[in-house]
Amino acid sequence: MLRMQAVTSLLIKSLIIFFLVLSQSPAIAKEGMWIPATLKDHEKEMKSMGLQIPIDQLYNASGTGLNNAIVLFGRGCTGEIISASGLILTNHHCGYGSAQGLSTAENDYFANGFWAPNMQGELPCKGLTVTFIRRMENVSQQILEGLKDTMRDSFRDTVISLRIAALEKEFRTKTGMDASIKPYFDGNQYWVAITETYRDIRLVGFPPNGIGAFGGDVENWIWPRHTGDFSIFRVYAGGDNRPADYAGSNKPYKAEEFFKINTSGYKEGDFTMVYGFPGTTREYISSYELSQVYNVTDPISIEARNRRLDIWTKHMGWTRSNFLKYTSKRAGVANGWKKWQGELLGLKANDVVGKKQAYERTFQQWADTCKAVPYAKDILPQMRTAAEIATPILTQEQYIKEGVLGIEIVQQGAAFDNVMACFRLGLSQDALRDTLTKLVTGMEGFYKNYDPKTDQDVFISLMVLYFNKCTSWIPDEFKDQYRAHDQDVNVWAADVFKRSMLTSMAPLKEFATNAKPGDSTKLQADPAWRLYNAIATIRKQKITPVLKDYISRMRYLDRLYTNAQMQEYKNKTFYPDANLTLRLTYGQVKGLDPEGPAPYSFQTNLKEVVALDDTASDIFRVPKKLKELYAAKDYGRWGVNGTMPVAFVASNHTSGGNSGSPVLNAKGELIGTNFDRAYEGTMSDYYFDPTRCRNISVDIRYTLFIIDKFGGAGWLIDEMNIVKGKKTVAAKAKK
Ligand code: ARG
Ligand code: ASP
């Protein structure tokens, strides 16, 4: 007996020790995108995971932290400042639009890259801006004072927007900078960001697509990855170092804070942080809302895009001109298409809807007895009713958006709305022709990248989908046209593309130059416009009003639900969903072997890039010079024992908008630039699973090697502050 007892107590003791060890072992990843001003709450954990600098260096209330070395780049990316003279590092795909604006047939930067020989050679990018976040402050008290949680949004919103406008103005006057107040936690908190937006931004370095977009759509959202997805810009400022419109006399922005670059590398398990601007996540929504994503919007979008992309890809293979017309459109459509497939996979593998349902049962039990939050018990039942009403309508809307309006000629019908409006103005014939010609000229951009033959095939495929799926919802106009063509979709499509004016610029121009005041009847007879108009009408009458109500109802309920969850779990640290404001996320360098035992871990290298070389492929063709550098192992200061690292993965919680974000080591030094996530984990916008969610980054040594050895732009390296090994670094850089 005694012996038995001893064994049992030994067993219990070792179990206790086991769980103690388990609970103390460092978390392998950390879900959450934190507001920099709240990082103090995480200091202990961050330190235990490896952070070696005080939080104050990352962000502090006096506004001298490393947040000053990060910018919102353009409208939806992140960039980091890497020199005292305002050099910005971001992604290639973030600088793509600017490079396109500057690229010409003679100076094709996509084919050949661009490297400014000196500052005078840097190229102004029209319309490009970068925004610094100087400081943030919780202003919930001022914005929400006296407003009850359960107040209807219609009234609450009015009060809130008045208060926001007044307070923003106050901050602007006080700081001499911009101020923007945004809702967090679904409207349960409000924070102000004091910002400065610079408007004179110049292109400095841009690798050719064979590096910067290597692997194209095939490797997009995929680990292992081999893309050198970076480009370089510079911020210019007026004489006072403040934002100014473009001027030849502007000076490079003098940066007090910029990132030190650490080239000594990292190993698996090393602490990392990503500091940037994640766009949208929805981690706290109900199972009802997630079910709509899982069962309606994602699957329908994928199904419709399968068809569209198949046809586009086929036609792009036929002629070079089709390829050029559709390559950029295809990249955009395929980016979402692939991400959603990864998302469904991850949501399914984790049974996230089931997990949410279980969580909701616990919530309901708490809510039913909770006196402090009396409205909590009604939230989920109300969400359920609202979702039940909306789901069938949402289904129709999704087939319209991704199906019918995926047919470009139907979508282009929208352009006729303005043309029609001209006729209603009662203009003289000359004035009418003049206005119409201007309107039609505005459509040139669309037709430059449009091929009616391709679109005709898309028409056939997507109409079949729409007719099969939406039966009783199909507008009469569609059914009439279909019947009038012997119920043969091929005949119908051929006739629409033969008769419609919307197939190319020529008939539109001719119409505009010869138009007479009564000619709007000609537009009304256009078969493609009639299809567009029938869809616009059904949306206006039956779909949009329901969805508008649903969205505002859910906005209200989401706010209450998030608030109630925060009351229920008082000890849990919640993070606000992403809203394109500055956030810091932390995790660890961590491999991901998608198909079990694989040769890949947490890093790829140049040898693998060269092994993928395919001179017949547009996306896997390695530039000749890069192959030469590889063959000679000419890696300069940037190689590691004869190899050249290219990209790596870590377990930081990122989202769209984090592209271009600095990836930092334990000392806050730059080790890479974030650009994507792994397929298995793209569901992290709804659910973060540390075993499969990974952010993908370009290794800073690859970036420096390409700038230095491939681009021959060593003068840029001289501006940077490069540290190796263990030197400690202060956040404030030498001025
Ligand atoms: N998946 C990346 C993100 O969502 C886009 C990377 C751009 N590259 C591409 N092949 N489309 O933005
Ligand atoms: N590629 C994305 C971006 O452009 C990043 C991501 O979704 O992980 O922001």
Side-chain angles (χ1 to χ4, degrees), residues 292 294-318 322 325-326 329-330 332-334 336-338 340-341 344 391-414 416 446 449-504 525-539 541-543:
Q292 290 175 334
Y294 186 65
N295 296 313
V296 180
T297 47
D298 275 6
I300 296 175
S301 308
I302 294 166
E303 187 185 21
R305 288 187 185 203
N306 277 338
R307 291 174 177 241
R308 187 152 45 134
L309 288 166
D310 272 355
I311 293 163
W312 281 2
T313 309
K314 198 168 73 188
H315 282 259
M316 281 165 72
W318 289 343
N322 269 352
K325 283 177 175 174
Y326 281 88
K329 277 195 260 193
R330 194 192 179 287
V333 170
W337 167 79
K338 199 164 179 185
W340 299 322
Q341 291 175 65
L344 288 185
T391 299
I393 315 289
L394 193 67
T395 307
Q396 295 306 316
E397 172 67 3
Q398 206 61 19
Y399 276 114
I400 288 176
K401 256 192 353 213
E402 293 284 340
V404 183
L405 298 178
I407 305 166
E408 291 173 275
I409 199 170
V410 179
Q411 167 72 60
Q412 187 59 9
F416 264 14
F446 170 77
N449 291 326
Y450 178 69
D451 175 57
K453 289 235 158 20
T454 306
D455 199 30
Q456 187 172 327
D457 280 357
V458 172
F459 181 105
I460 295 166
S461 181
L462 289 181
M463 276 303 182
V464 170
L465 178 72
Y466 184 56
F467 271 69
N468 283 341
K469 299 289 181 173
C470 296
T471 48
S472 64
W473 280 79
I474 295 169
D476 287 343
E477 176 67 28
F478 280 59
K479 290 193 246 171
D480 293 346
Q481 288 199 20
Y482 181 54
R483 272 192 227 112
H485 294 91
D486 301 330
Q487 312 210 26
D488 182 333
V489 69
N490 295 294
V491 177
W492 177 22
D495 192 46
V496 168
F497 281 79
K498 197 170 109 206
R499 284 175 35 223
S500 173
M501 244 189 277
L502 287 161
T503 51
S504 68
D526 191 288
W529 179 78
R530 292 183 70 87
L531 294 174
Y532 165 78
N533 189 51
I535 284 297
T537 308
I538 187 177
R539 267 177 138 176
Q541 290 171 350
K542 293 203 200 158
I543 295 178

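With sequence neighbours left out, the side chain to side chain donor-acceptor pair (under 3.5 Å) criterion links D451 to T454. In this structure T297 satisfies the side-chain contact (heavy atoms from CB on, under 4.5 Å) test together with V293, L394, Q398, sequence neighbours excluded. The side-chain contact (heavy atoms from CB on, under 4.5 Å) check on T537 picks up N533, Q541, with sequence neighbours excluded. Taking D476 as the reference, K479, D480 meet the side-chain contact (heavy atoms from CB on, under 4.5 Å) condition, with sequence neighbours excluded. Partners of Q411 by side-chain contact (heavy atoms from CB on, under 4.5 Å), not counting sequence neighbours, listed by chain and number: L405, A414.
Side chain of Y482 to backbone of Q487: a donor-acceptor contact under 3.5 angstrom is found. With hydrogens and angles disregarded, no donor-acceptor distance shorter than 3.5 Å links the side chain of D486 to the backbone of D488. Distance alone, capped at 3.5 Å, is enough to place a donor-acceptor pair between the D455 side chain and the I409 backbone. Looking at R307, its side chain never comes within 3.5 Å of a backbone N or O of L462 through a donor-acceptor pair.
Summarising the geometry, atom CD belonging to Q396 is positioned 8.5 Å from atom CD1 belonging to I474; distances are rounded to the nearest 0.5 Å. The line from SG of C470 to CD1 of I300 is 7.5 Å long, rounded to the nearest 0.5 Å. Expressed to the nearest 0.5 Å, how far CD1 of I538 lies from CD1 of I543 amounts to 5.0 Å.
Contact detail for I311 and D457: the closest heavy-atom pair is CD1-O, 3.4 Å. Summarising the geometry of Y466 relative to P475, their closest heavy-atom pair is OH-CD, 3.5 Å, with the distance given to 0.1 Å. Shortest non-hydrogen contact noted between F478 and A534 is CE1-CB, 4.0 Å. The two residues L502 and G413 have their closest heavy-atom pair at CD1-CA, 4.0 Å. The two residues Y450 and F497 come nearest to each other via the heavy atoms OH-CE2, 3.4 Å. Of all heavy-atom pairs between V496 and Q481, the closest is CG2-OE1, 3.9 Å.
Between R499 and D495 a salt bridge is recorded (basic side-chain N to carboxylate O distance below 4.0 Å).
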Report task. Using the side chain to side chain contact (heavy atoms under 4.5 Å, CB included) rule, take R330 and L309 through it: C-alpha gap first, then chi angles, then the decisive distance, then the call. Result -> CA-CA 7 Å; R330 194 192 179 287; L309 288 166; 3.7 Å; yes
Query raised in the report: side chain to side chain contact (heavy atoms under 4.5 Å, CB included) between V404 and L531: does it pass, once the steps are laid out?
Result: CA-CA 9 Å; V404 183; L531 294 174; 6.0 Å; no
Report task. Please report the C-alpha distance between N322 and W312 in whole Å, then the side-chain angles of each, then the deciding distance to 0.1 Å, and finally whether the side chain to side chain donor-acceptor pair (under 3.5 Å) criterion is met. Result -> CA-CA 9 Å; N322 269 352; W312 281 2; over 6 Å; no
Requested in this report: Begin from the C-alpha positions of N449 and Y326 and carry the test side chain to side chain contact (heavy atoms under 4.5 Å, CB included) through to its verdict.
Outcome: CA-CA 7 Å; N449 291 326; Y326 281 88; over 6 Å; no
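Geometrically, K453 does not engage W318 in a cation-pi contact, judged by NZ or CZ lying under 6.0 Å from the ring centre and within 45° of the ring axis.
For W492 and F459, the distance between ring centers is under 6.0 angstrom.
Under the 3.5 Å distance criterion, with hydrogens and angles disregarded, a donor-acceptor pair is assigned to the side chains of Y399 and E303.
For the salt bridge (charged side-chain N to carboxylate O under 4.0 Å, His left out) condition, the pairs that include at least one residue of residues 391-412, sequence neighbours left out, are R305-E402, R308-E402, K329-E408, E397-R539.
Within the 4.5 Å cutoff, side-chain heavy atoms of M501 are placed close to those of F416.
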